[in-house]
Amino acid sequence: RRPILSRIMKVNILGQATLQLTILLCILFYPSFIPGDVLANEDELKSSVNKAYGSTHWTVVFNVFVQLQIFNEFNSRKLQTVARLKSNLTEWDVFTGILQNRMFIFIVLFTFVCQIVIVQIGGSAFKLCQGGLSIRQWGFCILLGSMSLPWQLFVNVLIVLLVPEEEELLLPKDTEPAESKRRWNLLRQNVRHGFNYARVFKTSVKKGMTISRMTLVRGQNRPNYRYPITKSDSLETEKIIRSFAKDRVYQHSLSS
């Protein structure tokens, strides 16, 4: 187990953010790199007069940003550690075992298809250029987005150089306080009993959990830790139980 925001995660976030910001700022302030004269076409003139129209320039910026996120999903498949990066070359290959992960392939393809539909068809709805981008412009966007793959190799080098291996050691099992464990177990018990009460009384899970909390506090085998129940919660729970009891008695009298 590692901290939620470990040094490896910080290096990954800062490394990919540096690349993405550099690429987006370059095409934002230097649009001459984009195929086609994006500053002199009809969409650019319309967008300068009417804000409802989207320019080709901003459409390319948006598409490049999305392509960077799509290709970065491949980098996110690997949860690197310093020891594995030093000992196993397959840790540097983000495509290892990708054919066995059909859900990931579906998500990536679905995201890419949705992006094509948004850019090529949803121009007016998303304030993008009418008619979408050309094939050359799409190739330009995909090429810039794919740069996150070789850049991850450089990020992995930074991980090996900057992150000490001591951080990869497992945390002690007893680092979690006993009180926190006990409260977590009681919460899980309350949720489980809440579902049971909801099924028995045919009510919502929220009301079932309220009844479960009351039984935990008022029961004979009550735990040491009491859930924070206010007086209004107690009165409301008693009303719920009484109404359920009346309904059960009334239904039983009708059936008999």
Side-chain angles (χ1 to χ4, degrees), residues 4-80 92-95 98 101 103-159:
I4 296 178
L5 191 60
S6 62
R7 292 188 181 182
I8 293 179
M9 185 179 295
K10 293 177 183 178
V11 174
N12 277 313
I13 293 175
L14 293 177
Q16 290 294 334
T18 301
L19 173 69
Q20 295 185 15
L21 286 175
T22 303
I23 293 177
L24 294 175
L25 290 176
C26 286
I27 62 176
L28 179 62
F29 293 103
Y30 300 98
S32 58
F33 292 105
I34 302 174
D37 194 358
V38 297
L39 296 181
N41 57 17
E42 184 179 356
D43 289 330
E44 188 69 26
L45 298 177
K46 288 182 178 180
S47 63
S48 60
V49 177
N50 189 353
K51 297 300 181 181
Y53 287 92
S55 64
T56 305
H57 182 202
W58 283 105
T59 304
V60 171
V61 173
F62 166 70
N63 197 22
V64 170
F65 172 77
V66 175
Q67 299 304 319
L68 285 167
Q69 313 314 314
I70 292 177
F71 281 95
N72 194 35
E73 292 180 9
F74 292 92
N75 299 324
S76 302
R77 295 182 63 247
K78 291 290 185 179
L79 185 62
Q80 306 96 334
W92 298 75
D93 184 9
V94 296
F95 296 102
I98 191 173
N101 196 342
M103 180 61 68
F104 176 80
I105 297 175
F106 171 77
I107 292 174
V108 171
L109 293 178
F110 179 76
T111 306
F112 186 73
V113 171
C114 289
Q115 178 65 11
I116 294 177
V117 173
I118 290 174
V119 173
Q120 298 299 119
I121 301 178
S124 58
F126 294 91
K127 294 186 178 180
L128 303 177
C129 64
Q130 301 295 324
L133 302 176
S134 64
I135 297 179
R136 290 181 57 195
Q137 291 169 345
W138 267 102
F140 175 79
C141 296
I142 295 175
L143 177 63
L144 291 183
S146 63
M147 290 181 63
S148 64
L149 297 177
W151 181 258
Q152 185 62 35
L153 299 176
F154 174 72
V155 175
N156 290 341
V157 174
L158 293 180
I159 292 175

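- Taking both residues in full, the closest heavy atoms of Leu133 and Gln120 are given as N-OE1, 2.9 Å, listed atom of the first, atom of the second, then distance.
- Looking at heavy atoms from C-beta onward, Leu109 lies in side-chain contact with Ile105 at the 4.5 angstrom threshold.
- Nearest heavy atom pair, residue Val60 against residue Ile27, reads O-CD1, 4.4 Å.
- Under the side chain to side chain donor-acceptor pair (under 3.5 Å) criterion, Asn156 pairs with Gln80, Gln152, not counting sequence neighbours.
- The environment of CG in Leu21 is crowded: more than 12 heavy-atom neighbours from other residues, nucleotides or ligands sit within 6.0 Å.
- Open room surrounds CZ on Arg136; 12 or fewer heavy atoms of other groups in view lie less than 6.0 Å from it.
- The shortest non-hydrogen separation linking Phe74 to Val94 is O-CB, 3.5 Å.
- Across every non-hydrogen atom of Ser148 and Phe71, the tightest pair is OG-CB, 3.4 Å.
- The CG atom of Leu149 sits 10.0 Å away from the CG atom of Leu68 when rounded to the nearest 0.5 Å.
- Across Thr56 and Gln137, no two heavy atoms sit closer than the pair CG2-NE2, 3.7 Å.
- To the nearest 0.5 angstrom, Phe95 atom CZ is 8.5 Å from Arg77 atom CZ.
- Counting heavy atoms of neighbouring residues, nucleotides and ligands inside a 6.0 Å radius, atom CZ of Phe65 does not exceed 12 of them.
- Between Ile118 and Asn63 there is no side-chain heavy-atom pair separated by less than 4.5 Å.
- Between Gln67 and Leu144, every side-chain heavy-atom pair lies at or beyond the 4.5 Å cut-off.
- Distance check: Asn72 CG to Asn75 CG gives 5.0 Å after rounding to the nearest 0.5 Å.
- With a 4.5 Å cut-off on side-chain heavy atoms, Leu19 and Gln16 count as touching.
- The two residues Val119 and Phe62 have their closest heavy-atom pair at CG2-CE2, 4.3 Å.
- Annotation: ring pair (Phe, Tyr, Trp, His ring centres under 6.0 Å) contacts involving residues 136-155, sequence neighbours excluded, comprise Trp151-Phe154.
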